[in-house]
Amino acid sequence: MFLGFPPHPEIIEWDDIEVTHREWLIPNWLPANTATMFTGDGGAGKSWLTLQVVCQIASGFNNAFLNPEFPIPSDADESVEPKHIVFATYEDEPEEIKRRIQALTSGMNWIAESLETIKQHLHIVDMRGVGSVWGPGTGEHVSVTGELLPAGWQLRALCEGKHARLLVLDPLSGAFGGNENDRTAVYDFVSGFRKWGDDEKCAILMIGHLPKGSESRSAGFSGSTAWEASVRSLWKLEKAGLEKNGDDANAYWWLVNSKNNYARLQSEIPLAKQELGWWIRATNTETAKNAYQKYKSHYAEQETPNDDTDDEYADIRL
């Protein structure tokens, strides 16, 4: 579906190219106006970490998303301008997203203190039942490379109407209705959103799940290698320290920047998962290992919940 004439190649004259400083939504991790992919095992906790990132961008506090005690800047010059975000959810209902952000306020002081600003800048779109934003189209075979579908045009229009600086597609498998192994289809999808993101000054964060196959799991994404080639930054939520026999006595979680086109690869961040599921930066790998074992023990205990509990978030599970 094209509105008007199809895109066509044209020469951009040297003097017409305006060069500005590279902008980042998360310094050296999430570049503005282009596409980033965030992958990890289903149930690992990507949604919680994504919401922490979203809250940082919506509140305008750099370097806050893994720091529960982040001090709210007293001078506006110490923070960046809060940015509008459209969160397109294909899995969790809007109530769950709200529930999790409310839960985050009990552990992240900066989220609690900036909740009103976050509420004004975070716009949730329920895509369940709406359909993919990209695919072969009604009546077309899946082998067709694909195009932006009506849901895609509408979602882009919502972003433009809110002047969104970030569009979250959660998960990517819901947004992309084409063949994930078709290199050309993948390139067309990502490059199409990258061009739109550049034109509209809106970054795209695509949340993906790891497949079951060992080769693809090692790569960090499901489908064609064009996913990694076409996005500009790739994050992985990984479990490190696992023995070959599956022993996880020394296991821990970390956030890995495995591709970065616009900055050097960032150092892995060891993570500690908190009781309800959100993440904080661990001071070192030993702290991360201890947190992993503590959370694993806590989660096992919750398999047989205590009927006397009065924790209103006790049913939040990953």
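For the single chain, residues carry numbers from 1 onward in sequence order. Scope of the values below: all heavy atoms of this structure, side chains included, with no hydrogens, waters or symmetry mates.
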Working to the nearest 0.5 Å, report the span between OG of S173 and CD1 of I207. 11.0 Å
Please check this pair: side chain of K83 against backbone of E81, looking for a donor-acceptor N/O pair closer than 3.5 Å. yes
Answer yes or no: is there a donor N or O on one side and an acceptor on the other, between the side chain of W235 and the main chain of W29, under 3.5 Å? yes
Cluster check I280, Y252: I/L/V/M/F/W/Y, side chain < 4.5 angstrom: no
Can you confirm whether more than 12 heavy atoms, excluding those of R281, are under 6.0 Å from its CZ atom? no
With a 4.0 Å cut-off on N to O distance, would you call K239 and D41 a salt bridge? no
Validation row: L169, L155 side chains within 4.5 angstrom (heavy atoms): yes
Are V133 and R156 close enough, and set up right, to give a side-chain contact (heavy atoms from CB on, under 4.5 Å), and what steps lead you there? CA-CA 9 Å; V133 299; R156 286 185 181 182; over 6 Å; no
Just wondering, do P31 and T36 contact through their side chains at under 4.5 Å, heavy atoms? yes
Minimum heavy-atom separation for E228 to S258, with atom names? OE2-O, 4.5 Å
Same hydrophobic cluster for Y292 and W254, using side-chain heavy-atom links shorter than 4.5 Å among ILVMFWY? no
To the nearest 0.5 Å, what is the distance between CD1 on I57 and CG on L25? 5.0 Å
Checking the side chain of R232 only, and the main-chain atoms of A229 only, is there a donor and an acceptor separated by less than 3.5 Å? yes
Given salt bridge (Lys or Arg N to Asp or Glu O under 4.0 Å), test R100 with E96 step by step and report yes or no. CA-CA 6 Å; R100 291 189 178 194; E96 177 63 15; 2.7 Å; yes
Looking at every non-hydrogen atom in both residues, tell me the closest pair between P136 and G178 and how far apart they are. CD-CA, 4.3 Å
Is the backbone N or O of F65 less than 3.5 Å from a side-chain atom of Q56, with the two atoms forming a donor-acceptor pair by type? yes
Using the ring centroid of each side chain, check whether F176 and W227 are separated by less than 6.0 Å. yes
Verify side-chain hydrogen bond (donor to acceptor under 3.5 Å, both in side chains) between N290 and T287, making sure each step is shown before the conclusion. CA-CA 5 Å; N290 292 336; T287 303; 5.6 Å; no
Would you mind checking if K119 and E116 are paired as a salt bridge, meaning a charged N to carboxylate O distance below 4.0 Å? yes
Around atom NZ of K294, are there more than 12 heavy atoms of other residues, nucleotides or ligands at under 6.0 Å? no
Can you check whether W253 reaches L49 side chain to side chain, under 4.5 Å on heavy atoms? no
Could you walk me through whether Q293 and K289 pass the side-chain contact (heavy atoms from CB on, under 4.5 Å) test, one step at a time? CA-CA 6 Å; Q293 295 301 326; K289 290 176 186 179; 5.7 Å; no
dist S230:OG -> F189:CZ (nearest 0.5 Å) comes out at 9.0 Å
Inspect the contact between R165 and E23 and indicate whether a charged nitrogen and a carboxylate oxygen are less than 4.0 angstrom apart. yes
Decide if the gap between the ring center of W48 and the ring center of W279 is smaller than 6.0 angstrom. no
Tell me if a side-chain donor or acceptor on E91 pairs with a main-chain N or O of T89 at a distance below 3.5 Å. no
Is K259 reaching over with its side chain to a backbone N or O of V231, donor-acceptor style, under 3.5 angstrom? yes
hydrophobic_cluster_shared for W24 and I26, side chain cutoff 4.5 Å: no
Check: N260 side chain, N28 main-chain N or O, donor-acceptor pair, under 3.5 Å: yes
Would you say that F193 contacts L167 through its side chain, given a criterion of any heavy-atom pair below 4.5 Å between the two side chains? yes
Strictly distance-based, threshold 3.5 Å: is any side-chain N or O of S132 a donor or acceptor partner for the main-chain N or O of G174? yes
Closest non-hydrogen atom pair, P82 against S59: CG-O, 3.6 Å
Assess whether a salt bridge exists between R194 and D198, defined as any Lys/Arg side-chain N lying under 4.0 Å from an Asp/Glu carboxylate O. no
Connected via hydrophobic side-chain network under 4.5 Å: L265 and V256: no
Keeping the roles fixed (side chain from D248, backbone from N250), state whether a donor-acceptor pair exists under 3.5 Å. no
What's the separation between atom OG1 in T225 and atom CG in N181, rounded to the nearest 0.5 Å? 10.0 Å
Does K162, at its NZ atom, have more than 12 non-hydrogen atoms belonging to other residues, nucleotides or ligands within less than 6.0 Å? no
Residue pair L271 / K273, side-chain heavy-atom distance below 4.5 Å: no
Correct closest heavy-atom pair for A35 and M206 would be CB-CE, 4.5 Å
Taking the side chain as everything from C-beta on, heavy atoms only, tell me whether V130 gets closer than 4.5 Å to V125. no
Classify the ring geometry of H84 against H121: parallel below 30°, tilted from 30° to 60°, perpendicular beyond 60°. tilted
Rounded to the nearest 0.5 Å, how far apart are CG of L255 and OG of S267? 11.5 Å
I'd like to check I101 versus L122 (side-chain heavy atoms, cut-off strictly below 4.5 Å). Are they in contact? yes
To the nearest 0.5 Å, tell me how far W278 CH2 sits from S106 OG. 3.5 Å
Given the rule in the side-chain contact (heavy atoms from CB on, under 4.5 Å) test, do W196 and L148 qualify, once you have shown the distances and angles that lead to the verdict? CA-CA 11 Å; W196 168 80; L148 191 65; over 6 Å; no
Do W110 and I269 sit in one hydrophobic cluster, given that two such residues count as connected whenever their side-chain heavy atoms are within less than 4.5 Å of each other, even indirectly? yes
Minimum heavy-atom separation for I124 and P94, please, with both atom names. CG2-CB, 4.0 Å
Nearest heavy-atom pair of F38 and K236: which atoms, and what distance? CE1-C, 4.3 Å
Decide yes or no for E13 and D15: does some side-chain heavy atom of the first lie under 4.5 Å from some side-chain heavy atom of the second? no
Could you go through the side-chain contact (heavy atoms from CB on, under 4.5 Å) check for M37 and L172 one step at a time? CA-CA 9 Å; M37 181 186 288; L172 176 59; 3.7 Å; yes
